[in-house]
Amino acid sequence: MTPQTPVNKAENETAKVRSKDTRNTGPGRLLIAVYAVFAISATARAGYQILTKFSGAPLAYLLSAFAALVYVVATVSLAKAGRTWFKVSVAAVLVELVGVVVVGALSIFDSVSFPHETVWSLFGRGYAFIPLLLPILGLVWLYKRRPAPLGA
């Protein structure tokens with residue numbers, strides 16, 4: 001068969017659709033790596049805080065554990081291909097964005113509830129505001145790498 005046959009064109013289209021359904025290529029790899037670092041660091045931090053000083057700030061430490069879970073889910077879902085994982089990625093990154101904004105605002109306006117910092121306190125100030133920037137970049141990447149509509 002020549003490169004111009006309909007079979008090869010169909011294979012090329014399928015390959016293009018399949019490549020767009022993945023989020024772990026190009027800049028996506030860096031995004032996944034940053035999420036993985038945050039997943040590991042937030043999990044370690046939350047684990048240490050809960051095991052050693054939970055009574056000092058239970059809300060803050062439980063939010064740290066929740067943030068860790070969100071980062072783990074985001075890392076795994078961004079690394080996996082397919083429509084379902086895409087939806088999980090969008091949900092995880094949106095939850096992260098809402099969490100950063102809500103916890104960030106609460107840690108400013110209701111600092112009594114947050115005597116110790118979480119990953120998301122003060123919009124991620126302790127982490128150079130990366131927790132605030134990361135979900136925005138994640139949503140942009142997900143938008144660019146969204147799966148093709150079914151039947152297209």
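Below, each value reflects all heavy atoms present in this structure, side chains not excepted, and no hydrogens, waters or symmetry copies. Source: prediction; values computed, not measured.
To the nearest 0.5 Å, the span separating CD1 on Ile108 from CZ on Arg125 amounts to 8.5 Å. Here the OG atom belonging to Ser89 is positioned 11.5 Å from the NZ atom belonging to Lys80, to the nearest 0.5 angstrom. Atom CD1 of Ile136 is separated from atom CG of Leu97 by 6.0 Å, given to the nearest 0.5 angstrom. With values rounded to the nearest 0.5 angstrom, Ser111 atom OG is found 10.5 Å from Leu106 atom CG.
Across all their heavy atoms, Ser77 and Val88 have their closest contact at CB-CG1, 3.6 Å. Counting all heavy atoms, side chain and backbone alike, Ser64 lies closest to Val119 at OG-N, 4.0 Å. When every heavy atom of Glu117 is checked against every heavy atom of Gln49, the shortest pair comes out as O-NE2, 3.7 Å. Between Val100 and Phe123, the shortest heavy-atom contact is O-CD2, 3.6 Å. Closest of all the heavy-atom pairs between Leu31 and Gly138 is CD2-CA, 3.8 Å. Val70 approaches Ala92 most closely through the heavy-atom pair CG1-O, 3.5 Å.
The aromatic ring centroids of Tyr61 and Phe54 lie 6.0 Å or more from each other.
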Practice problem: Show your working on side chain to side chain contact (heavy atoms under 4.5 Å, CB included) between Arg145 and Phe86 and close with a plain yes or no. | Solution: CA-CA 9 Å; Arg145 301 298 294 186; Phe86 173 81; 5.8 Å; no
Quiz item: Yes or no on side chain to side chain contact (heavy atoms under 4.5 Å, CB included) for Arg146 and Trp141, after CA distance, side-chain angles and deciding distance?
Solution: CA-CA 8 Å; Arg146 65 192 181 279; Trp141 180 249; over 6 Å; no
Exercise. Begin with the C-alpha distance, continue with both residues' side-chain angles, and end with the deciding distance and a verdict on side chain to side chain contact (heavy atoms under 4.5 Å, CB included) for Leu142 and Leu78.
Key: CA-CA 9 Å; Leu142 287 168; Leu78 284 166; 3.7 Å; yes
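Using a distance-only test at 3.5 Å, with no hydrogens or angles considered, a donor-acceptor pair links the side chain of Ser107 to the main chain of Leu122.
Connection of Val98 to Ile130 is established within a shared hydrophobic cluster, with ILVMFWY side chains joined at heavy-atom distances below 4.5 Å, either directly or through further cluster members. No single ILVMFWY cluster, assembled from side-chain heavy atoms under 4.5 Å apart, contains both Val34 and Val73. Follow the hydrophobic side-chain contacts under 4.5 Å out from Val93 and you reach Leu132 in the same cluster. Hydrophobic clustering (side-chain heavy atoms under 4.5 Å, transitive across Ile, Leu, Val, Met, Phe, Trp, Tyr) keeps Leu51 apart from Tyr48. Following chains of ILVMFWY side-chain contacts shorter than 4.5 Å, one can reach Tyr127 starting from Phe129, so the two form part of one hydrophobic cluster.
Between Trp85 and Val76 the shortest side-chain heavy-atom distance falls below 4.5 Å.
Looking only at atom types and distance, the side chain of Tyr35 has a donor-acceptor partner in the side chain of Glu96 under 3.5 Å away.
Phe66 and Trp120 have perpendicular rings, their planes meeting at more than 60° on a 0 to 90° scale where under 30° would count as parallel.
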